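Everything numeric here is computed off the predicted structure, so don't read it as measured data. Both counts, for ligands and for their atoms, begin at 1 and track the order of listing.
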Amino acid sequence: MNRLNQLISALADRPFDHIQALKGSYDFPGFNFRVIRVQHSAGAHPASIASVTVSRQDSVIPEVFLQAEAGRLAVADFLIRRFRQGIDMFALQNRGKEGSGSFDTIELSQKMLERDSVLIDQAAIELRFMISWPAKGQGGGIFDAEQARIMINQELPAIIDATFFYQRYDEQTRAQLEQFVDVLTVRTKISRFMGEHRLVAFIADGARLPRNSGIDDRPAESEAVIAFQSPDSLQVKIPLSDGRCLTGMGVREGITCITGGGYHGKSTLMQAILAGVYAHVPGDGREFVVTREDAFFIRAEEGRSVRNVDISLFIGDLPNGLKTDHFSSDNASGSTSQAAAIVEAVESGSRLLLFDEDTCATNFLVRDALIRQVLDASLEPIRPLYSTVRSLWNERRVSMIFVAGGLGCFLQKADTCLLMAHYHCQDITASVRDRLGEIANENETIKDFSSARRLAADNFDPAYENKRLKKTIAKRIKPLRSALRQLEYGMDLVNLEAVVQIAEAPQVLALGYCLLALRNKISQSADQPETIQFWIDRLYSDIAEQGLQVLAPDYPGTLSLPRKYELAAAVNRIRSLRIV
Ligand code: ADP
Ligand code: MG
């Protein structure tokens, strides 16, 4: 502590880039403070990375919370949020030039995710955060030692005090921590129950699904929100170990169709289902909405690139004699992009696909009787999804959930038909069967499309060459700050806007480092081309064993774990992707 203060004094009024000297580890009463990476200029983004470490003995977070994996994840998530609150409460922030003189954490969404910002081991808890050292003078060129002293000796200890020490939590904070642990523990139980009962989704009674707005994932606060209530016929009861019992709707494997009038809550239910692959923080409203971990939302994505995907099940030969069993395009159409997305999702291991009519290419879903009179079958290469859904389920065990308000044909194919009416969910399966007849199975078996594409040894080059400035950077991995789901990687701009299950920016950054890790793995065994799935599984087993640190990011503490399905989606959207 004194050593750091001496350093700060010695740097007073010196040029800002001299602060590289601050890198190091410093002992304070009750915690260790480490400066891991130091920024070169005031207002750099991200700023410097620092960490604090508190012994578990001192923090006294109850051992029971930390015994299981789920509990550790919940505690880690709770601590980074608490630290964030501490910053907002105790730090002056933005006190210097260029917004310098601030603390920050990574961006936190409504999800509880595995992150490298809080690491808990047997002995200690380490929390990593950003610190933007204070600058003053013209253009922020001078280090402001006086403000730095306030940050380090007053603000930081106050934030740490409020974050790490269970004994100092008030009743409400203790209860909150317990809720975080409870949410993740109960979710584990729900997932197990779903596996045993072949359910693909569970929506708890009382869940509050609507969001604040289309660009704000926090819960809608309006009193008009109607809480979810399961139809009796689909209600399941999940016993919890402490005698409690959770009830809610169990969506079964197979084909499910959600219908209803416009604005009656269909897409909101679907959004909750696709978000249900993640845990949500207490108070979110979707704490006990759980979706099988392999669910993948499929949508049309005109203009994306596609590399060597066998979409011939859905799309026959194209104009110009283009073959579709190895389909590539730099500018896919709505229908071909959607066909590719299905094949890629199944290739990456998903057996639960989600669709919303709102974001599908109509001609990919159906071809109606009138158009058949006008358009000769020989002119239409598309075999609409409608005509293969039963076979995909019966032969491949691919479950699907559709939102369809205008296309009755999906009701003809569905094992379960749900109606959303005035935000109430009803099971209308029996009446649909009465009116539309038995489920319309397809007669032909579907052809094999399990493409298992192998990656060429030279892929995912992270180098960036700026031709105009004649400058080459060895590694460019940079999410765009202006768009949540776009990543600059090497010479590529990887557009993941359509990969809607990416929940927060730190996942996008992690995807970038995953691509780099894949590159290193692949090039080490260049003579043995393996499938995309093979390499992704390898990487995820490394992460499971050693944590996100295996990705060796330049800024430790800034990642959160994406699912492997999103990594596959990123791989598939790299325009320079090379398949052997
Ligand atoms: P649909 O897809 O059926 O056209 P949406 O799901 O988009 O309808 O919902 C329409 C509007 O109703 C949205 O603004 C949404 O936030 C709101 N909404 C959805 N579910 C509920 C609910 N349970 N209670 C109150 N408002 C809701
Ligand atoms: Mg809708």
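Taking distance alone, with nitrogen or oxygen atoms compared against 3.5 Å, R211 stays at or beyond that limit from ligand 1. Looking at V225 next to ligand 1, no N or O pair under 3.5 Å apart turns up. An N or O contact shorter than 3.5 Å is missing between D358 and ligand 1 by distance.
For the pairing with S560, the side chain to side chain donor-acceptor pair (under 3.5 Å) check across E504, Q507, E107 returns one residue only, E504.
Those atoms of ligand 1 that come under 4.0 Å of a heavy atom in G265, given as number and element, are 1 (P), 3 (O), 5 (P), 6 (O), 8 (O), 9 (O). Less than 4.0 angstrom separates some heavy atom of G262 from each of these atoms of ligand 1: 4 (O). Taking every heavy atom of T268 and a limit of under 4.0 angstrom, the matching atoms of ligand 1 come to 5 (P), 6 (O), 9 (O), 15 (C), 19 (C), 20 (N). Taking every non-hydrogen atom of G261 and a distance limit under 4.0 Å, the qualifying atoms of ligand 1 come out as 3 (O).
For atom 7 (O) of ligand 1, the nearest protein heavy atom (residue, atom name, distance) is S267 CB, 4.0 Å. From the protein, the heavy atom lying nearest to atom 20 (N) of ligand 1 is Y423 CD2, 3.4 Å. At the shortest separation from atom 4 (O) of ligand 1 among protein heavy atoms lies Y263 N, 2.7 Å. In terms of protein heavy atoms, atom 16 (O) of ligand 1 is closest to P210 CB, 3.7 Å. Closest to atom 24 (N) of ligand 1 among all protein heavy atoms lies I226 N, 2.9 Å.
When atom types are taken as modelled, the side chain of Y169 and the backbone of L177 share no donor-acceptor pair closer than 3.5 angstrom.
Proximity of S222 to ligand 1, defined as any heavy-atom pair under 4.0 Å, is not found for any part of the residue.
In this structure, G260 does not count as a contact residue of ligand 1, since none of its heavy atoms falls inside 4.0 Å of the ligand. Using a 4.0 Å cutoff on heavy atoms, H264 counts as a contact of ligand 1.
Looking at D358 and the Mg ion (ligand 2) together, the shortest N, O or S contact belongs to OD2.
In this structure, E488 places its CD atom where more than 12 heavy-atom neighbours from other residues, nucleotides or ligands lie under 6.0 Å away.
Under a 4.0 Å N-O distance rule, the pair R244/D182 qualifies as a salt bridge. The pair K237-D205 does not meet the salt-bridge criterion, since no charged nitrogen lies less than 4.0 angstrom from a carboxylate oxygen. Classification of R453 and E347 as a salt-bridged pair holds, one side-chain N sitting under 4.0 Å from a carboxylate O.
Residues L246 and F202 have side chains in contact (heavy-atom distance under 4.5 Å, counting atoms from C-beta outward).
Under 2.8 Å from the Mg ion (ligand 2) lies an N/O/S atom of S267, whether from backbone or side chain.
A salt bridge (charged side-chain N to carboxylate O under 4.0 Å, His left out) check over residues 263-276, counting only residues at least two apart or in different chains, returns nothing.
Side chains of T173 and D170: a donor-acceptor N/O pair is present below 3.5 angstrom, by distance only.
R292 pairs by the side chain to side chain donor-acceptor pair (under 3.5 Å) definition with D294, not counting sequence neighbours.
Using a 30° and 60° split on the angle between ring planes, F180 and F78 fall in the perpendicular class, above 60°.
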